[in-house]
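Order of the sequence lines sets the chain letters (A, B, ...), proteins ahead of strands, with each chain counted from 1. Side chains are part of it too, since the values below use all heavy atoms of this structure and drop only hydrogens, waters and symmetry mates. Just so we're clear, the structure is a prediction, and the values are computed from it rather than from any experiment.
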Amino acid sequence: MIALYLTIFISLILALVFLVLFLSNVKNGQYEDTYTPSVRMIFEDEFSEESDEIEESDN
Amino acid sequence: MSQKEKLTCYHCGLEMTEAETVWFDDKPFCCNGCKTVYEILNKNSLSQYYTINETPGIKNDQIDENIKQKYAYLDKPEIEAKLLEFDDGQTKVVNFYIPNIHCSSCIWVLENLDKLNHNISHSEVNFPAKNVRITYKGKQITLRQIVEILASIAYPPLISLDDLDKDKQKSSKKLLYQLAIAGFAFGNIMLMALPEYIQSQGYWIERFAPLFRWIMLGLSVPVVLYSARDYFESAIKGLQQKIVNVDILIALGITVLFLRSTYEVLTGTGTGYFDSLTGLVFFLLLGKYFQRITYDYLSFERDYKSYFPIAVTKINNDKEEIVEIKDIAPGDRLLIRNKEIIPVDGILMKNKALIDYSFVTGESLPVEKQVGDQLLAGGKQIGGYIEMEALSDVDNSYLTKLWSREAFTGEKIARIKSLTDKISRYFTFVILSIALLSGIYWFMRHDIPTAIWVVTAVLIVACPCALALSAPFAFGNILRKFGYRQFYLKNAQVIEALSQINTIVFDKTGTLTAQEKYEVKYEGKKLNENLKAIIKSMTKSSNHPLSRLIYNKLQNSSSIQFDYLKEITGKGIEAGKNKHIYRLGSASFTGASNTDKTTLVYFASDKEIVGKFIFKASYRQGISDLFNKLLPDYTLYILSGDNDSEKPQLEKLLPQQVQYHFNQSVHDKMDFIQNLQKKGKTVMMIGDGLNDAGALQQADVGIAVSENTNVFTPSSDGILKAKKLPVLDQYLKIAKQTKTIIYASFIIAFFYNIIGLGFAVTNHLTPIVAAILMPLSSISIVIFVTILTNFITNKLKDKV
């Protein structure tokens, strides 16, 4: 039963880690703009591919 | 409508005829401005801009000879320093508001600014807020150059006097922190509390219960000290002002819960109510969070500062000099260029002015001014440059003086008490008496410890959690539903205020009349097809708003070619063909004698007046219906800054009982509202321009009507999209129904409270009863109001 002390302690620490992570993410501004990243994500691949295509068609 | 195939501009998507088209790179453009943007983007391999969305651009009318001078003020170090967010000499960061941001192409091109100039190291768009944050190498490129790059691709940033105010309020993250900590503690405490609910005796419990209790105590400390802090502060504030608000009961409940639970743990007599405590705080904060909706792209706090420029060109001994607006002194000679805003009242000294006062009055047709005329601050010059002499400084101009009035200096005084606070005043006294009475009863029958036990139990169970939750969830939900339907309210209090309105005051111009929608009437000799074609072709290439209106009216006529065509800014258009000279424009330009005060455009053929075009603002569709629907419940007024020339038309359109007041100045409007309030009316003002700002501020609810939420609206409690104005009565009705729903939920809350009090006064309130009863009441109230508010707003959906 002594193990219970350990598991309770670990579970609390774990929960605390998630809390701190969340708080630091809020602080870093991750919850300020929740829309733009969803659009930005789509571009990053496209840009490299399409700009190559444009150059090819120019040649 | 025409046989000719319609072409659309590759950049901005404007429809145009073949003759107007500017061809470039095998692509059609409506104007040189749009073409230039394409050219720049294409040259820098950014043409993907046009493949993400079709015709993503905004018509680029920024191009004029003055563009280079326009941003010269950004070279002034003190202005630059105020605009920059970060500056270490090498790297500089600036954050711009760009109203033109509207689609994913915009995000893409603005985040690839480094392709346009490699000295820009990084740029990041915040789409909802229409902001772009640019990091650049301060040694290689100036702030002015950055802005000029943005302007050249038709994304000019809006830099206003407001940007100079350093202490901008950032959206508060505090509530999110508080909520996170309360949620964390609540979740963990529930786990710790559970064992003792299931089993109350035995080896296991005896061994571990103290540990669990101490952990629960530890976890709830930050909840009480940090998460619930606002309730204590508000309660203290309330007590100082001798107002009994709902937060007093909440603060009392939390304190008692915490103290009694701590006592139980310290003495080892019980588990305490830590789960109920943290759950209570968590639900309360959740309600607060739900109620807080921000519309990033809207601002309810704008005054003239977010619209006035930062600096202006001053002419000092024939030399141009850039001065900050605040440094303008009476007697200064100022140079105002095309599309620049007149910052102070003054006298026109040079050139003819054409002033667009649409931001101020809502009237979108520009007004003509001659040398010697007075110019009022807030107008926008259209056409060539003008010179003026300042009569006052910025703070003492006719318009800006408004903001020094009382109503603007402090917080808007909430004359309307919130429902929750009204009810909780009685509630508090009732609860305190019950607590006292049952305390006395148990003291007589038993002893002091039991009496204290019962008193604390009453205070714990009576904590008006459900009472405090129903309003935030109901209002929060309505706020959201209104937002979907383009009625954006500043906060939940506005809904409460809306439900208590009994008088509505409307502004006329720009609110009841549609902006940029005019009836064009022609009077004079009958125009034959030939003359119609001439007028149409004359107005075709002109960007003057009146030209556009005439052109649109004559759209179906044919086009002809002139020998020459010239537009004289502030006067009119002259065209020649086969030795005939045609003139279209002002009275003085065409040689007509102008006696009318209305807006007119004359047409003359070889110096002989043929006829005139008359422009009349047209009223929005559905206004008449709206007024008829509002009339039974509200007293209606119309306030207008204009003369009463349109009164007959209004009387025909609107029901008889509407009262009219014309020739109202900015200050008159504000005083008018104040007088109504003194008579005990609860007033809603609906306006649109800066000249309504005072009235909007003074009114119990000020609603700004806006055609386009991207553009300027004066500070207000809410912004209503113009096309939704005809269904205003529906919104008001929903606000009233919401009030009824909240009353109903209060009754349910009382029901729960009676059950809880029953447990408490009989000394049966065990932690498990509290742990079941409190979340149950909160959750059922939340579900109740959410379902009902959804129901009433869904009915709206069918009609709007």
| field | Heavy atoms of other groups near A:F9 CZ, more than 12 under 6.0 Å | value | no
| said: Is B:L219 in contact with chain A via its backbone, its side chain, both, or neither, using a 4.5 Å heavy-atom distance? | reply: side chain
| request: Measure from the side-chain N and O atoms of B:S104 to the backbone N and O of A:V39, and report whether any donor-acceptor pair falls under 3.5 Å. | output: no
| note | residues 21-28 of chain A vs chain B, non-hydrogen distance cutoff under 4.5 Å, contacting residues -> A:F22, A:L23, A:V26, A:K27
| Can you name the closest pair of heavy atoms from B:V125 and A:R40 and give their distance? | O-NH2, 3.1 Å
| query | Side chain, backbone, both or neither: which part of B:F184 has a heavy atom under 4.5 Å from chain A? | reply | side chain
| query | Which answer fits A:I8, side chain, backbone, both or neither, if we ask what part of it has an atom under 4.5 Å from a heavy atom of chain B? | reply | side chain
| Sequence-distant partners of B:T262, side chain to side chain donor-acceptor pair (under 3.5 Å), two or more places apart | none
| said: For B:F290, give me all partners under ring pair (Phe, Tyr, Trp, His ring centres under 6.0 Å), at least two apart in sequence or on another chain. | reply: B:F473
| query | Under the ring pair (Phe, Tyr, Trp, His ring centres under 6.0 Å) test, which residues partner B:F282, sequence neighbours left out? | reply | B:F186
| request: Enter the distance from A:T36:OG1 to B:E111:CD here, rounded to the nearest 0.5 Å. | output: 7.5 Å
